[in-house]
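Working notes, beginning with the structure itself.
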There are 2 protein chains.
Amino acid sequence: MLRVMVVDDQALVRRGFALILDNEPDIQVAAEAANGIEAIEAAQAHQPDIILMDIRMPEMDGLEATARILEAGDATCRVIILTTFDPDEYVFRALRAGASGFVLKDIPPEALVEAVRTVAEGGAMLAPGITQRLISQFAQKLGAGRNLAERLERLTTRECEVLKAIADGKSNAEIAEALFIGPATVKTHVSSLLSKLELRDRAQAVVFAYECGLATVGERDVGF
Amino acid sequence: MLRVMVVDDQALVRRGFALILDNEPDIQVAAEAANGIEAIEAAQAHQPDIILMDIRMPEMDGLEATARILEAGDATCRVIILTTFDPDEYVFRALRAGASGFVLKDIPPEALVEAVRTVAEGGAMLAPGITQRLISQFAQKLGAGRNLAERLERLTTRECEVLKAIADGKSNAEIAEALFIGPATVKTHVSSLLSKLELRDRAQAVVFAYECGLATVGERDVGF
DNA sequence: GCGCATCTCCACCTTTTGGGGGAGGTCAGA
DNA sequence: TCTGACCTCCCCCAAAAGGTGGAGATGCGC
């Protein structure tokens with residue numbers, strides 16, 4: 001039995017969703033809440049499997065509440081954002097907060113039920129248009145450095161290693177140490193790769209490394 | 001009327017999907033193809049609205065074919081990848097190729113029909129698990145530079161602008177020109193921001209800018 | 001008004017970087 | 001075998017970068 005919690009500041013909307021879901025044999029509305037604060041408390045108290053969360057609410061909005069509930073971690077629930085609007089800003093904040101779904105309130109009841117089941121099974125459900133935008137963004141990032149990757153192929157193995165080290169923020173001396181070669185050799189490699197890639201200095205080399213995918217955001221701890 | 005093309009090397013599978021779709025009053029299977037090469041030709045000849053594309057095929061695989069068809073551009077069709085497997089590699093290549101959907105062959109017939117309609121309307125449809133993974137990846141990138149963004153707040157407006165320019169690969173002289181200030185001033189700002197962010201040189205500053213989201217991949221043309 | 005942060009610029013200095021050119025060694029392929 | 005591509009390291013030099021300290025101007029809030 002799937003235990004669902006519905007969070008919306010409008011009682012009528014809340015009851016509507018609750019009725020739709022309660023109508024399903026395997027779904028049970030275990031709790032309701034009218035704002036973010038209540039939602040956090042209710043989530044703690046009732047430990048639902050799925051939370052349907054509105055965004056616009058008094059006291060605390062749904063995105064903030066989602067972030068806090070999922071941050072707490074002791075609840076293993078998953079959140080579906082259910083809203084009338086879908087500006088990018090909301091979507092990104094929602095995904096970052098950890099939501100597993102983002103659907104618009106104008107969807108047919110069956111789709112809502114389907115979304116709940118999908119998310120409960122470990123999947124995610126986004127409104128089709130949002131999925132589309134997410135894909136576009138993703139494809140853009142993935143495809144960004146194709147022609148740049150060609151330039152990359154002109155480099156020798158060693159030069160590539162040096163470039164990677166540069167993209168790590170290392171100085172020539174540090175690179176030398178890391179690669180077990182002399183500083184002079186590093187300089188040679190750096191000069192060579194800069195010229196091959198038609199770059200002026202190591203700062204541009206770092207940009208190049210990120211743009212062509214040699215370095216990617218989030219794979220390093222920026223402690224330096 | 002939605003004109004659909006089905007591409008799969010197994011005739012039985014192909015006919016099965018075609019029958020399911022033809023059964024819908026508003027959908028018509030306009031063409032079929034058994035491999036990537038045929039698919040490209042058939043897409044050219046029949047100009048379908050939607051292409052259901054298998055990945056594993058002789059001659060040319062579905063991802064390659066998708067890329068070529070969408071690259072051609074004169075076709076305004078949209079592609080749904082339909083496969084038995086879903087390794088990340090396939091998914092990323094598919095999205096990069098420009099696919100608007102990625103669903104598994106084990107979905108129920110109604111879901112397939114729904115996917116076709118959704119994509120035809122400009123949306124995108126991914127298998128729930130894939131949506132989930134896409135979201136995770138996205139959230140990771142988005143959330144990567146949170147603690148870094150804090151450090152960013154220590155900077156003044158001007159320092160931020162200089163940092164952005166550094167992340168653009170500009171030299172101090174170029175920054176001076178771009179911001180209409182003297183080179184000496186740029187040096188002051190650079191020194192200040194490096195010290196505030198606890199960085200050593202501009203190369204590390206570039207890394208920092210990318211990691212904290214001040215600069216993002218794909219938003220610049222790397223011509224330098 | 002006063003303090004404070006910010007933006008602007010200067011001079012002086014050291015370190016790093018990048019370019020040019022050279023040179024020895026290895027190793028694969030013609 | 002010899003050529004060519006790599007990797008390694010050297011010297012010298014000029015340019016850029018980065019650090020330190022100082023200074024005038026502005027504007028904002030107490």
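Letters A, B, ... mirror the listed sequences (proteins, then strands); counts begin at 1.
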N/O donor-acceptor pair under 3.5 Å between B:Arg68 side chain and B:Ile37 backbone: no
SB check B:Arg133 B:Asp86 (cutoff 4.0 Å): yes
Matching residue for B:Asp8 among B:Arg15, B:Arg14, B:Lys105, B:Arg56 - test: salt bridge (Lys or Arg N to Asp or Glu O under 4.0 Å): B:Lys105
Salt bridge flag under 4.0 Å for residues A:Arg151 and A:Glu211: no
Nearest-Å distance for atom pair CD/P, residues A:Glu177 and C:dT16: 13 Å
Spacing of CZ belonging to B:Arg154 relative to CG belonging to B:Leu193, to within rounding of 0.5 Å: 12.0 Å
Spacing between B:Gln204 atom CD and C:dT16 atom P, to the nearest angstrom: 13 Å
Reading 5' to 3' through nucleotides 18-30 of chain D, protein heavy-atom contacts under 4.0 Å coded B for base, S for sugar-phosphate only, - for none: BS-----------
Separation of D:dA17 P from B:Leu193 CG (nearest whole Å): 13 Å
Test item: B:Val103 and B:Ile81 side chains (from C-beta on) under 4.5 Å apart, heavy atoms: no
Any donor-acceptor N/O pair, B:Gln47 side chain to B:Gln44 backbone, under 3.5 Å: yes
Euclidean distance, B:Leu148 CG relative to B:Tyr210 OH, rounded to 0.5 Å: 15.0 Å
Integer-rounded Å distance: C:dA5 P and B:Leu155 CG: 16 Å
Terminal axis angle for the helix from C:dG1-D:dC30 to C:dA30-D:dT1, five pairs an end, nearest 10 degrees: 40°
Distance in angstrom units between B:Phe180 CZ and C:dT8 P, rounded: 12 Å
Interatomic distance, A:Glu174 CD vs C:dT15 P [rounded to whole Å]: 16 Å
Spatial distance of atom NZ (B:Lys196) from atom CG (B:Leu155) [nearest 0.5 Å]: 6.0 Å
Give every pair of a protein N or O atom and an N or O atom of nucleotides 4-7 of chain D that lie under 3.5 Å apart, one pair per line with the distance.
residue	atom	partner	partner atom	Å
D:dC7	OP1	A:Arg158	N	3.1
D:dC7	OP2	A:Thr156	OG1	2.5

Gap between atom CD1 of A:Ile55 and atom CE of A:Met57 - 0.5 Å precision: 9.0 Å
Test item: A:Gln140 side-chain N/O and B:Gly218 main-chain N/O as donor-acceptor pair under 3.5 Å: yes
